[in-house]
Amino acid sequence: MAAEVRPRLTVLSGPSGVGKSTVVAHMRKVHPDVWLSVSATTRKPRPGEKHGVQYFFVSDEEFDKLIANGELLEWAEFAGNRYGTPRRAVLDRLEAGEPVLLEIDLQGARQVKESMPDSRLVFLAPPSWEELVRRLTGRGTESPEVIERRLTVAKVELAAESEFDTTLVNTSVEDVARELLALMAVV
Ligand code: ADP
Ligand code: 5GP
């Protein structure tokens, strides 16, 4: 008898600047059918970011409403902004038997593990601390103050690596994307 193949929720986390968005973008280029949850955030869009694509950009009041109406699977405050995963879309995909990927912070990953213990938590680690600083600074999208704030949070996130089921080191974007797809049983 064939073993039951049940798609799992995969959560990708890791410090700001480690390359999560880059890896996910590459993965979707190779496999456009992989579904990634689009989060809501109170952060302002970076140049090139579009509403409904990278995020649903919402006001503080709108975010309050999402929480009050129970529309978020999880949410967290990260470096001065709030971020949350719309619940319905994720549950619909899982019920339809499709693999689901969330790219969220450590606090969100912990909430998901608590409410959905079956989910797989993947930690994306930098090759070194110096390289993480280089990437976050090199991206050029945040002010020095915001970079400092994100690096302070990054130390806490790096210390939580053992809470995750799997660690992938982001040396090569292509390799990590392939490993992630294999974990999600897409390839
Ligand atoms: P995150 O989504 O984790 O905050 P990004 O995907 O925005 O991080 O990546 C931060 C910076 O690091 C970007 O400038 C990106 O081009 C670069 N980067 C990502 N992965 C790698 C890698 N494997 N090697 C070198 N640079 C990378
Ligand atoms: P950024 O502002 O760089 O896009 O994201 C900052 C952090 O918020 C990243 O660690 C990212 O993974 C996380 N994040 C994005 N969406 C969500 C979400 O829906 N929930 C939680 N908890 N974190 C999120």
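Side chains are part of it too, since the values below use all heavy atoms of this structure and drop only hydrogens, waters and symmetry mates. Counting convention: from 1, in listed order, for ligands and their atoms alike.
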Item to complete: Please report which non-hydrogen protein atom sits nearest to atom 10 (C) of ligand 1, along with the residue it belongs to and the distance in Å to one decimal place.
Response: G17 O, 3.4 Å
Discussion item. Give me the nearest non-hydrogen protein atom to atom 15 (C) of ligand 1 as residue plus atom name, then the distance to 0.1 Å.
Written reply: T22 OG1, 3.6 Å
Discussion item. Test: side chain to side chain donor-acceptor pair (under 3.5 Å). Region: residues 16-27. Which pairs qualify, not counting sequence neighbours?
Written reply: S16-R150
Discussion item. Check whether E74 reaches the backbone of A109 with its side chain - one donor and one acceptor, N or O, closer than 3.5 Å.
Written reply: no
Worksheet item: Taking the non-hydrogen atoms of G138, is any one of them nearer than 4.0 angstrom to ligand 1?
Response: no
Worksheet item: How close does the nearest protein non-hydrogen atom get to atom 20 (N) of ligand 1, and which residue and atom is it?
Response: N170 ND2, 3.1 Å
Worksheet item: Can you tell me how far CG of D60 sits from CZ of R82, rounded to the nearest 0.5 angstrom?
Response: 4.5 Å
Worksheet item: Quick one: ring-ring contact (aromatic ring centres under 6.0 Å, His included) pairs with a partner in residues 95-121, sequence neighbours left out?
Response: none
Worksheet item: When you look for heavy atoms under 4.0 Å from ligand 1, do you find them on the side chain of V23, its backbone, both, or neither?
Response: neither
Worksheet item: Is there a chain of hydrophobic side chains (I, L, V, M, F, W, Y, each step under 4.5 Å between heavy atoms) that links V34 to V24?
Response: yes
Discussion item. Just verifying a value: how many Å separate E49 CD and Q54 CD, rounded to the nearest 0.5 Å?
Written reply: 5.0 Å
Worksheet item: Taking C-beta and beyond as the side chain, do D118 and L9 meet within less than 4.5 Å on heavy atoms?
Response: no
Fill in: Verdict with supporting geometry, E62 and S59, side chain to side chain donor-acceptor pair (under 3.5 Å)
CA-CA 5 Å; E62 287 169 322; S59 65; 3.3 Å; yes
Worksheet, complete the sentence: among protein heavy atoms, the one nearest atom 2 (O) of ligand 1 is S21 OG, 2.7 Å
Worksheet item: So which heavy atom on A125 is nearest to which on T167, and how close?
Response: CB-CG2, 4.0 Å
Item to complete: May I have all residue pairs that pass ring-ring contact (aromatic ring centres under 6.0 Å, His included) and include part of residues 154-179, sequence neighbours excluded?
Response: F123-F164
Worksheet item: Near V173, which atoms of ligand 1 are under 4.0 Å from a heavy atom of that residue?
Response: 20 (N), 21 (C), 22 (C), 23 (N)
Worksheet item: Under a 4.0 Å heavy-atom cut-off, what residues line ligand 2?
Response: K20, S39, R43, R46, Y55, E74, A76, F78, Y83, G84, T85, E103, I104, D105, G108, R150
Worksheet entry | Protein contact to atom 8 (O) of ligand 1 [nearest heavy atom, distance to 0.1 Å] | G19 N, 3.1 Å
Worksheet item: Which atoms from ligand 1 have a heavy atom of K20 less than 4.0 Å away?
Response: 1 (P), 2 (O), 3 (O), 4 (O), 6 (O), 8 (O)
Worksheet item: Can you tell which of R46, R135, Q54, R139 gets a heavy atom nearest to atom 21 (C) of ligand 1?
Response: R135
Worksheet item: Does any N or O in the side chain of R135 come within less than 3.5 Å of the main-chain N or O of G19, such that one atom is a donor and the other an acceptor?
Response: no
